[in-house]
Amino acid sequence: MRLSKLFTKTRKDAPTDETAKNAQLLIKAGFIHKEMAGVYAYLPLGFKVLENIKQIVREEMSAVGGHELIMTAIQRKELWEKTDRWDDAKVDVWFKSTLKNGTDIGFGWSHEEPITDMMRNYLSSYRDLPAYVHQFQTKLRNELRSKSGIMRGREFVMNDMYSYSVSEEAHKAFYDKATVAYLRVFERVGLGDITFLTFASGGAFTQFSHEFQTITAAGEDTVYLSRKKKLAINEEVLSDEVLAHLDISRDELEEVKTAEVGNIFSFGATKSEQLDLYFVDEDGTRKPVILGSYGLGVTRLMGVIVECFADDKGMVWPDNIAPALVYLARIGDIPAVASAADELYDQLTGKGISVLYDDRDVRPGEKFADADLMGIPYRLVVSEKTISSGQYELKKRIEDSPKLLDKENLIKVLGA
RNA sequence: CGGGGUGUGGCGCAGUCUGGUAGCGCGGGCGGUUUGGGACCGUCAGGUCGAAGGUUCGAAUCCUUUCACCCCGACCA
């Protein structure tokens, strides 16, 4: 992508109505646009990051047998009444409206009910099970107060997977696979070392759920953590009983501030019974399907990544989710430089390397500052100097000094 | 939802206390000098001061109502 053709631009000043680092940087760099409190649009560069994260999630969901689909944002009231979650006193984040004919509807803050109800059409025999489905959906939640930029919005993208199993044993086996799949996602986006599977409250259905908590000062949760045992406990469930259950003592645990990037639940048979999702087993008996739910906040994850890696110059994206791998800065505007940079841009993109090509007629300092702010992993410079030396100047975002490489080595380093 | 703060060109702000018809920086247009870490000179465009109502000869400024945004807390499958 040529920066001269991109309509977004960077800003020197961050908006003062945002204090969250992720929102300030993403807005300064032109990745997102704030429509209103807790509601953000994703501009081309931010959209690219979001799509890159989604692709990683998609691959991991697919690897454990997940089939992607997309449910509706508009939902039926009757469904939620069956599970007693329509009442605002029970669920306080509902957006609701009414059709012209007077029918009450809700806007999806979660999809457990509709997706489980829908599955009644397809799951009737043990031969139909297990089934694993997932989607990337914009969830709408009428939060009393949204905060922390894209980490807690009223409108946000979530990957939610649901598992339908014949038995508790089968469910448990998949639950463990899904846990590993999510851990792999966090590993791949660079948060593996600071993201922990965490014991949390299980709500109405089970004693515990599991959260994935990433250590960051920008987080809203507090967890007690053993790095050695790779185990964490949300403060809301910390008790002697829980410590005994997990066979760990309080003084092995350190207190850390975290952001919840994922949350997985076992529903058992409860929701299937409420929504009448039964199947006929091998032995001819009718049984409720065992349900699990696995959520990962995609937009929140993007915000957490900004928070965790940014430095005083701007954002720092891991290679595999950056809006581009290379920021190609053309220094000087003489024809020889322009044509050399054009040619390099074509060659790299031809090899499948994603390049943000700064072909604007602005001073070098501005290009370097923008490359840093946007957090592009590699900065590649073409100038009179590099042309006369027959080499290219490559600098990693996280390193201070550049290296001079010939074209062959350049392409090797960039992995094509 | 309780407490606190803020709304003035696209962005960041001053002016409000003490009413006299809006100013600065960034950004944008044009002309020129520049070109390896956000350059500089000249020039031009752009705002009925969040909205509504009131007081006054006159309101960004005073009064009333209202909307929005931010922070702290509460809440948070």
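Keep in mind that what you see is a predicted model, and the values were worked out from it rather than measured. Quick note on labels: first sequence line is chain A, next is B, and so on, each numbered from 1.
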Check: B/rC75 base within 3.5 Å donor-acceptor of A/R152 side chain:
yes
Cationic tip of A/K96 above A/W86 ring, under 6.0 Å, 45° of axis:
yes
Only pairs with both distances under 3.5 Å count, Watson-Crick or wobble alike; so what is the partner of B/rC30 in this structure?
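Checking every strand shown, B/rC30 finds its partner in B/rG42, with both distances under 3.5 Å.
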Who pairs with B/rG25 - Watson-Crick or G-U, where each distance is under 3.5 Å:
B/rC11
Suppose we screen for ring-ring contact (aromatic ring centres under 6.0 Å, His included). Which residues come up paired with A/F136, at least two apart in sequence or across chains?
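For A/F136 the ring-ring contact (aromatic ring centres under 6.0 Å, His included) partners, ignoring immediate neighbours, are A/H134.
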Test ring-ring contact (aromatic ring centres under 6.0 Å, His included) applied to A/H171 - qualifying residues, sequence neighbours left out
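Only A/Y175 meet the ring-ring contact (aromatic ring centres under 6.0 Å, His included) criterion with A/H171.
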Treating A/Y345 as the side-chain partner and A/M1 as the backbone partner, does any N or O pair qualify as donor plus acceptor under 3.5 Å?
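It does hold such a pair.
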Whether each nucleotide of nucleotides 33-39 of chain B has a protein heavy atom under 4.0 Å at its base (B), only at its sugar-phosphate (S) or at neither (-) is summarised, 5' to 3', as -BSBBBB
So what does [X] hit on the nucleic acid, given a heavy-atom distance under 4.0 Å: a base, only sugar-phosphate, or nothing?
| X | answer |
| --- | --- |
| A/A14 | sugar-phosphate |
| A/R141 | sugar-phosphate |
| A/E260 | nothing |
| A/S110 | nothing |

Indicate the ring-plane relationship of A/F31 and A/W317, choosing parallel, tilted or perpendicular according to the 30° and 60° boundaries.
parallel
Could you state the CG-C1' distance from A/L144 to B/rC70, rounded to the nearest angstrom?
16 Å
